[in-house]
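Note that the numbering runs from 1 along the sequence shown for the chain. Read the numbers this way: they start at 1 and go in the same order the structure lists the ligands and their atoms. Computed from heavy atoms alone, side chains included, the values below leave out hydrogens, waters and symmetry copies.
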Amino acid sequence: MALERLELISEHGCFGGVQRFYKHFNVNQIGLPMRFALFLPPQALAGQPVPLLTYLAGLTCTEETAAMKAGAQRLAAQLGLALLFPDTSPRNSGIDGEDHHWDFGVGAGFYLDATEHPWAGHWQMESYLLQDLIPGVVSEFGLDGQRLGITGHSMGGHGALTLALRHPGMFRSLSAFAPICAPTRCPWGRKAFLGYLGQDETAWTSHDASLLMAGQSSAPYPGGILVDQGLADKFLAEQLYPEALEAACAQVGQPLALRRHAGYDHGYYFVASFIDDHLRHHAQALGA
Ligand SMILES: N[C@@H](CCC(=O)N[C@@H](CSC=O)C(=O)NCC(=O)O)C(=O)O
């Protein structure tokens, strides 16, 4: 799987590895140029096939946000983990009003394949990530495609949970920061699903992490899922519903470490405070 018209935008030495920013043209799914950030640890630069952790960012973010704010590179370099930071949606598609809302359209792809006009033409984030970007990065940079983990924040936490549950066997480790756990019940999720998936709410259920988890016949991640949630998060009560994921995991016997932290809000000071625990969680499962 090749990344078409791959272009290096910038490269920065970082803890013995490199933080790079790339552009490519995704023909198959998005039909537009897309950007991503990639951290390669020193072990990868020395030719070792290291595991890859994909980090999905939240609403309004780009491929730069977590690469610049989460502070993941120091420990990833020590552990020998490559980090992939995709963008959060297509951009400059020509769709009228694509950037009129901060929680829908540009910066708000929700990591699914839209079925509704006009979004279905370009907003194919699930297929883009799983069929093109992740396999393309693995192949292009000599990473170990059998050792993939996924994490994310907020909308990206929803993406990590749903992609990992919708595609069993693709990811060996899973975690999330303040994820949207029940999008069929919260305003962000309902707005996105109505716009991208249409009025038939039965189509929405297969993109709701708590409903997906409740439908499992056995624990899909027996090694455990790590979720951190700040208790001073202004979005917690209305948008996130971690208790729904907790109940679903309990129902199917899925081990879940849901850690609630007093004094932490929704932002990147929170993510940066707990990123090391997530990297260690993935490194252990991926044998890094
Ligand atoms: N503009 C919004 C706030 C947007 C916001 O908080 N985005 C979060 C993710 S929210 C869920 O996906 C984020 O990560 N922002 C980037 C950052 O650097 O913090 C508002 O008006 O509230």
Side-chain angles (χ1 to χ4, degrees), residues 19 21 35-37 39 53-73 83-91 97-112 114 119 123 125-126 128-129 150-164 174-197 204 207-210 226-245 258 260-261 263-275 278:
Q19 177 64 58
F21 294 89
R35 292 177 180 238
F36 65 90
F39 173 71
L53 176 62
T54 296
Y55 179 106
L56 302 179
L59 294 164
T60 71
C61 294
T62 71
E63 76 288 355
E64 289 187 312
T65 311
M68 293 175 71
K69 292 184 169 182
Q73 291 90 344
L83 304 174
L84 172 63
F85 304 96
D87 201 352
T88 51
S89 76
R91 294 171 193 270
E98 68 168 21
D99 57 359
H100 286 186
H101 302 257
W102 66 268
D103 55 359
F104 184 76
V106 165
F110 273 81
Y111 305 106
L112 51 72
W119 308 101
W123 262 246
M125 288 299 287
E126 179 170 5
Y128 164 64
L129 290 174
I150 191 162
T151 187
H153 169 232
S154 195
M155 174 186 73
H158 144 80
L161 292 167
T162 54
L163 295 186
L174 172 61
S175 75
F177 298 87
I180 302 169
C181 294
T184 56
R185 290 161 57 182
C186 78
W188 281 341
R190 294 187 65 79
K191 178 175 177 175
F193 288 1
L194 181 63
Y196 296 139
L197 302 175
W204 301 8
H207 297 276
D208 180 306
S210 300
L226 174 60
V227 173
D228 280 305
Q229 175 63 57
L231 292 177
D233 183 331
K234 69 177 179 182
F235 298 122
L236 174 54
E238 191 184 11
Q239 304 284 7
L240 304 180
Y241 293 91
E243 63 279 4
L245 181 67
L258 171 56
R260 294 171 165 93
H261 305 281
Y264 288 86
D265 64 23
H266 198 66
Y268 267 83
Y269 297 112
F270 157 69
V271 174
S273 298
F274 300 105
I275 190 76
H278 287 248

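- Set against the non-hydrogen atoms of Thr60, the atoms of ligand 1 under 4.0 Å away are 4 (C), 7 (N), 15 (N).
- Close approach of ligand 1 to Met155 (heavy-atom distance below 4.0 Å) involves ligand atoms 11 (C), 12 (O).
- The nearest heavy-atom contact from the protein to atom 20 (C) of ligand 1 is Trp102 CZ2, 3.8 Å.
- Here the shortest heavy-atom distance to atom 16 (C) of ligand 1, taken over Ala57, Gly157, Cys61, belongs to Cys61.
- Less than 4.0 angstrom separates some heavy atom of His266 from each of these atoms of ligand 1: 10 (S), 11 (C).
- Comparing Phe177, Phe270, Tyr268 against atom 19 (O) of ligand 1, the shortest heavy-atom distance belongs to Tyr268.
- Considering all non-hydrogen atoms of both residues, Phe110 and Ile180 come closest at CE2-CD1, 4.0 Å.
- The contact set between ligand 1 and Trp188, taken as ligand atoms under 4.0 Å from a residue heavy atom, comprises 10 (S), 11 (C).
- Side chain of Thr54 to main chain of Ile150: no donor-acceptor pair is present (N/O by atom type, distance under 3.5 Å, no hydrogens or angles).
- The two residues Gly159 and Leu56 come nearest to each other via the heavy atoms C-CD1, 3.6 Å.
- The heavy-atom pair separating Gly152 from Ala160 by the smallest distance is N-CB, 3.9 Å.
- Pairing each heavy atom of Tyr268 with each of Ala57, the nearest pair is OH-CB, 4.2 Å.
- Phe193 has its side chain within reach of Thr184: a pair of non-hydrogen atoms, C-beta onward, lies under 4.5 Å apart.
- The closest heavy-atom contact to atom 12 (O) of ligand 1, among the options Ala178, Ser154, Pro179, comes from Ser154.
- With a 4.5 Å cut-off on side-chain heavy atoms, Gln19 and Phe85 count as touching.
- Residue contacts with ligand 1: Gln239 is excluded, as none of its non-hydrogen atoms falls under 4.0 Å.
- Between Trp102 and Trp188, the ring planes lie perpendicular to each other; the angle is over 60°, past the 30° to 60° tilted range.
- Annotation: atom 17 (C) of ligand 1 to nearest protein heavy atom, Lys69 NZ, 3.6 Å.
- Near Phe235, meaning under 4.0 Å from any of its heavy atoms, are these atoms of ligand 1: 6 (O), 22 (O).
- Those atoms of ligand 1 with a heavy atom of His153 less than 4.0 angstrom away are 14 (O).
- For atom 5 (C) of ligand 1, the nearest non-hydrogen atom from the set Asp265, Asp103, Thr62, Leu59 belongs to Leu59.
- When each atom of ligand 1 is checked for a heavy atom of Lys234 under 4.0 Å away, the hits are 22 (O).
- Contact annotation: the side chain of His278 never approaches that of Leu53 to less than 4.5 Å [non-hydrogen atoms, C-beta and beyond].
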